[in-house]
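Notes for the one structure printed next.
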Amino acid sequence: MNMLSKVALDPVPEGAIDVTPQGSDYETVRRVIEMITLEYRDQPSLEAIAAELGQSPTQLQKLFIRWAGLSPKAFLQAVTLDHAKRLLGQEGLPLLETSYEIGLSGPGRLHDLFVTHEAMSPGEWKARGSGLTIRYGFHVCPFGLALVMVTDRGLAGLAFADPGEERAALEDMMGRWRNAHYVEDLEATAPYVGRVFEREKWSADRPLNIVLIGTDFQVKVWQSLLKIPFGKAVTYSDVACDIGNPAANRAVGAAVGANPISFVVPCHRAVAKNGALTGYHWGLTRKRAMLGWEQGGA
DNA sequence: AGCCAGATGTCTG
DNA sequence: CAGACATCTGGCT
């Protein structure tokens, strides 16, 4: 039913997106999200947004729902500071424990993406991917173009790019494991796109295998992020406490930022203590879009 | 209310 | 080795 899901299944060769109808639709949706994100304080109406883009309000509404799974108005609401604060949980409750408990057993976990992870040994990390073969490919997803990287042990990297910026994204990711051997292989990466972005395929029976390649500290931080339930958020200092180093919240911020498997390791669910959405390696707009998307499907 | 330093782990030049 | 970071706190004006 969802058009996105179908699109996400088919590998799209690099560069092809620009000339397809989906490409221009995506551009429209991207601009709507950007507008809402930048001007959410003014609570722009659907009419105002449509006028700005020279589109009819009804058409724009339909298009947006098809892509984002919720209306522009709902998205606008999901993007406000109040909303992020609400995600942080009831006031007064020790946030981390409550959300983590829910995450382990409660219904909140029902719709979450199940992941089994393994970390690379320190030796492998030092080798910077030497001797490792990494297959990669670009695919369409709700947040633009997804760059997927897999090893024979599972998903190792997930990055995003706007059409035309594939090169930069690829170089950014390749720089993380300089010595690895890279092979473009859309057939290898395509199945992962479906698993990750189609909610219907999320199940506990068949968990997704991911490989965390990083320092000990970074891996600890990423494992902590994996415990945050779908549709919830925690602060950077919550994460610092969880890994047993409450003073290291700044370092946590840096480690969260270095997360190579964005979205799957839900770094977008980490927010500043006051509920503000602070930076995101692949664009703040995208971070808001992800939280909005989770809200829409929750 | 705003400004500033100090703490943390890791990366870059 | 000196900054720079997707932070936060407490102390100062």
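Any value given below was found using the heavy atoms of this structure, including those in side chains, with hydrogens, waters and symmetry copies removed. Sequence lines set the chain letters: A, B, ... in the order given, protein chains first and strands last, and positions in each chain run from 1.
Distance, A/Tyr280 OH to C/dA6 P: 14 Å, rounded to whole Å. Atom CH2 in A/Trp222 sits about 15 Å away from atom P in C/dA6, given to the nearest Å. Atom NZ in A/Lys126 sits about 12 Å away from atom P in B/dC11, given to the nearest Å. A straight line from CE of A/Met290 to C1' of C/dA6 spans 14 Å, rounded to a whole angstrom. A/Trp177 places its CH2 atom 13 Å from the P atom of B/dC11, with the value rounded to the nearest Å. If you take CG of A/Asn274 and C1' of C/dT7, they are 11 Å apart, rounded to a whole angstrom. Rounding to whole angstrom units, CG of residue A/Asp238 and P of C/dT7 are separated by 15 Å. With rounding to whole Å, A/Ile228 atom CD1 is found 14 Å from C/dA6 atom C1'.
Nucleotides C/dA2 and B/dG6, compared at atom P, are 15 Å apart to the nearest Å. C/dG3 sits 14 Å from B/dA5 when the P atoms are compared, rounded to a whole Å. Distance check on atom P: C/dA6 versus B/dG13 gives 15 Å, rounded to whole Å. A distance of about 15 Å separates the P atoms of C/dA4 and B/dC4, rounded to the whole Å.
Between the CZ atom in A/Arg153 and the CG atom in A/Leu132 there is a gap of 7.5 Å [rounded to 0.5 Å]. Interatomic distance, OG1 of A/Thr285 versus CZ of A/Arg30, reported as 8.0 Å (0.5 Å rounding). To the nearest 0.5 angstrom, A/Arg288 atom CZ is 5.0 Å from A/Leu277 atom CG. Residue A/Ser262 holds its OG atom at 11.5 Å from CG of A/Leu225, rounded to the nearest 0.5 Å. We find the CD-CD distance between A/Gln223 and A/Gln218 to be 12.0 Å, quoted to the nearest 0.5 Å.
Under the 30°/60° scheme for interplanar angles, the aromatic rings of A/Phe143 and A/Phe263 are found to be tilted.
Using modelled atom types, no side-chain atom of A/Lys287 and backbone atom of A/Arg269 make a donor-acceptor pair closer than 3.5 Å. A donor-acceptor contact shorter than 3.5 Å links the side chain of A/Asn259 to the backbone of A/Val265. Counting only distance, with no hydrogens or angles, the side chain of A/Glu294 and the backbone of A/Phe230 share no donor-acceptor pair below 3.5 Å. Counting only distance, with no hydrogens or angles, the side chain of A/Lys62 and the backbone of A/Pro57 share no donor-acceptor pair below 3.5 Å.
Residues of residues 248-272 of chain A having a heavy atom closer than 4.0 Å to DNA chain B, listed by number: A/Ala248, A/Arg250, A/Ala251, A/Ala254.
Contact between the side-chain N/O atoms of A/Thr215 and the OP1/OP2 oxygens of B/dT10 is found at a separation under 4.0 Å. Considering only side-chain N and O atoms, A/Lys220 lies nowhere under 4.0 angstrom from the phosphate OP1 or OP2 of B/dG9.
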Reading DNA chain C 5' to 3', what string of ( ), [ ], | and . shows its pairs, if Watson-Crick and G-U wobble pairs count only when both distances fall under 3.5 Å?
-> |||||.|||||||

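Residue A/Lys273 places its side chain closer to C/dT9 than to any other of C/dT7, C/dT9, B/dT8.
Nucleic acid contact for A/Phe217: sugar-phosphate only, since backbone atoms but no base atoms lie under 4.0 Å from a heavy atom of the residue.
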